[in-house]
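Because the structure is predicted, anything quoted here is derived from the model rather than measured.
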Amino acid sequence: MAIIRGKFSGIRIWLAVGLICLAAGCGGSFFSYQGRTVPLDQRIELKPGSSGPQQWTTADLTLTYTYIMENGRIGISGAADLAERYQYTFHAVENFFLSVHFLDPEGRVQKSIRLVSSEYYAPIQQMKFNRHYSLPPGTTSVTFSYRGALVEGGTDRTGWNFWHNPF
């Protein structure tokens with residue numbers, strides 16, 4: 001009986017290793033936006049040089065930013081503000097991640113980069129950023145995506161998850 005149990009244990013271990021390897025191999029495409037096409041109404045055209053103040057708004061947040069695009073690089077700075085309804089209802093950001101996606105002329109994602117990450121259980125406040133990136137060749141526009149979770153005070157830890165996916 002011990003021999004049979006040993007064989008099944010080995011099979012389970014190899015099955016687990018195989019699933020982990022499969023997940024790691026799919027990580028580049030299955031868990032990535034790269035190559036996905038963004039609808040026209042979700043694309044923000046980039047123009048060479050310096051932009052004036054820009055604003056991107058959803059029901060969850062307002063992103064105010066400026067950018068400088070030159071010599072294959074972009075500098076983007078600004079702030080993300082959660083909607084007032086969240087500021088008055090919840091006391092902390094459990095997590096928040098805002099990404100910028102660089103698009104080719106057909107609206108396909110060439111590269112995605114995290115623009116803002118909140119601290120774990122941070123107070124709700126304006127999240128500022130100032131980043132510089134190399135642009136993938138042929139980048140003509142960008143789009144944004146985010147996901148986050150908020151928590152309310154008290155003993156029950158009521159929470160709220162929110163996200164925006166332009167795809």
**Message:** Test side-chain contact (heavy atoms from CB on, under 4.5 Å) on Thr62 and Gln55; report intermediate values, then the result.
**Reply:** CA-CA 7 Å; Thr62 298; Gln55 199 169 65; 3.5 Å; yes
**Worked verdict on Phe162 versus Arg147 for side-chain contact (heavy atoms from CB on, under 4.5 Å)** = CA-CA 6 Å; Phe162 61 101; Arg147 64 183 168 84; over 6 Å; no
**Message:** Test side-chain contact (heavy atoms from CB on, under 4.5 Å) on His164 and Gln42; report intermediate values, then the result.
**Reply:** CA-CA 11 Å; His164 172 78; Gln42 296 290 317; 3.2 Å; yes
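Taken from CD1 in Ile44 to CG in Leu63, the straight-line distance is 8.0 Å, to the nearest 0.5 Å. To the nearest 0.5 Å, the span separating CG on Leu150 from CD on Glu152 amounts to 10.5 Å. The structure places CD1 of Ile68 at 4.0 Å from OG of Ser50, a figure rounded to the nearest 0.5 Å. We find the CD-CD distance between Gln126 and Gln87 to be 9.5 Å, quoted to the nearest 0.5 Å. Expressed to the nearest 0.5 Å, how far CD1 of Ile76 lies from OG of Ser51 amounts to 8.0 Å. Note: Ser99 OG to Leu115 CG = 8.0 Å, rounded to the nearest 0.5 Å.
Every residue meeting the ring-ring contact (aromatic ring centres under 6.0 Å, His included) condition with Phe144, not counting sequence neighbours, appears here in chain and number order: Trp56, Tyr65. Scanning for side-chain hydrogen bond (donor to acceptor under 3.5 Å, both in side chains) contacts around Ser134 gives Arg73, with sequence neighbours left out. By the side-chain contact (heavy atoms from CB on, under 4.5 Å) test, Ala83 pairs with Arg85, Tyr86, sequence neighbours left out. Taking Thr37 as the reference, nothing meets the side-chain hydrogen bond (donor to acceptor under 3.5 Å, both in side chains) condition, with sequence neighbours excluded. Qualifying side-chain hydrogen bond (donor to acceptor under 3.5 Å, both in side chains) partners for Trp163, counting only residues two or more places apart in sequence or in other chains: none. For Tyr146, the side-chain hydrogen bond (donor to acceptor under 3.5 Å, both in side chains) partners two or more places apart in sequence, or in a different chain, are Thr58, Asp60. Residues passing the side-chain contact (heavy atoms from CB on, under 4.5 Å) test with Thr140 are Pro105, sequence neighbours excluded.
Legend: salt bridge (Lys or Arg N to Asp or Glu O under 4.0 Å) pairs involving residues 63-72, not counting sequence neighbours: none detected. The list of salt bridge (Lys or Arg N to Asp or Glu O under 4.0 Å) pairs with a residue in residues 127-139, not counting sequence neighbours, is empty. Counting only residues at least two apart or in different chains, salt bridge (Lys or Arg N to Asp or Glu O under 4.0 Å) contacts with residues 34-43 are absent. The salt bridge (Lys or Arg N to Asp or Glu O under 4.0 Å) contacts involving residues 47-58 comprise nothing, where partners must be two or more places apart or lie in separate chains. Applying the side-chain hydrogen bond (donor to acceptor under 3.5 Å, both in side chains) test to pairs two or more places apart or on separate chains, those with a residue in residues 102-117 are His101-Ser112, Asp104-Arg108, Glu106-Arg108, Gln110-Thr139.
Shortest non-hydrogen contact noted between Glu45 and Tyr67 is O-OH, 3.9 Å.
The hydrophobic cluster containing Tyr133 also contains Leu135, counting ILVMFWY residues as joined when their side-chain heavy atoms lie under 4.5 angstrom apart, directly or transitively. Phe129 and Leu61 end up in the same hydrophobic cluster when Ile, Leu, Val, Met, Phe, Trp and Tyr side chains are linked at under 4.5 Å. Residue Phe90 is grouped with residue Val93 when hydrophobic side chains (ILVMFWY) are merged at heavy-atom distances under 4.5 angstrom, including chains of intermediate members. Linking ILVMFWY residues whenever their side-chain heavy atoms come closer than 4.5 Å, directly or via other members, places Val142 and Leu98 in the same cluster. Cluster membership for Val38 and Ile74, using ILVMFWY side-chain heavy atoms within less than 4.5 angstrom, is not shared.
Heavy atoms of other residues, nucleotides or ligands lying less than 6.0 angstrom from CD of Glu84 number 12 at most.
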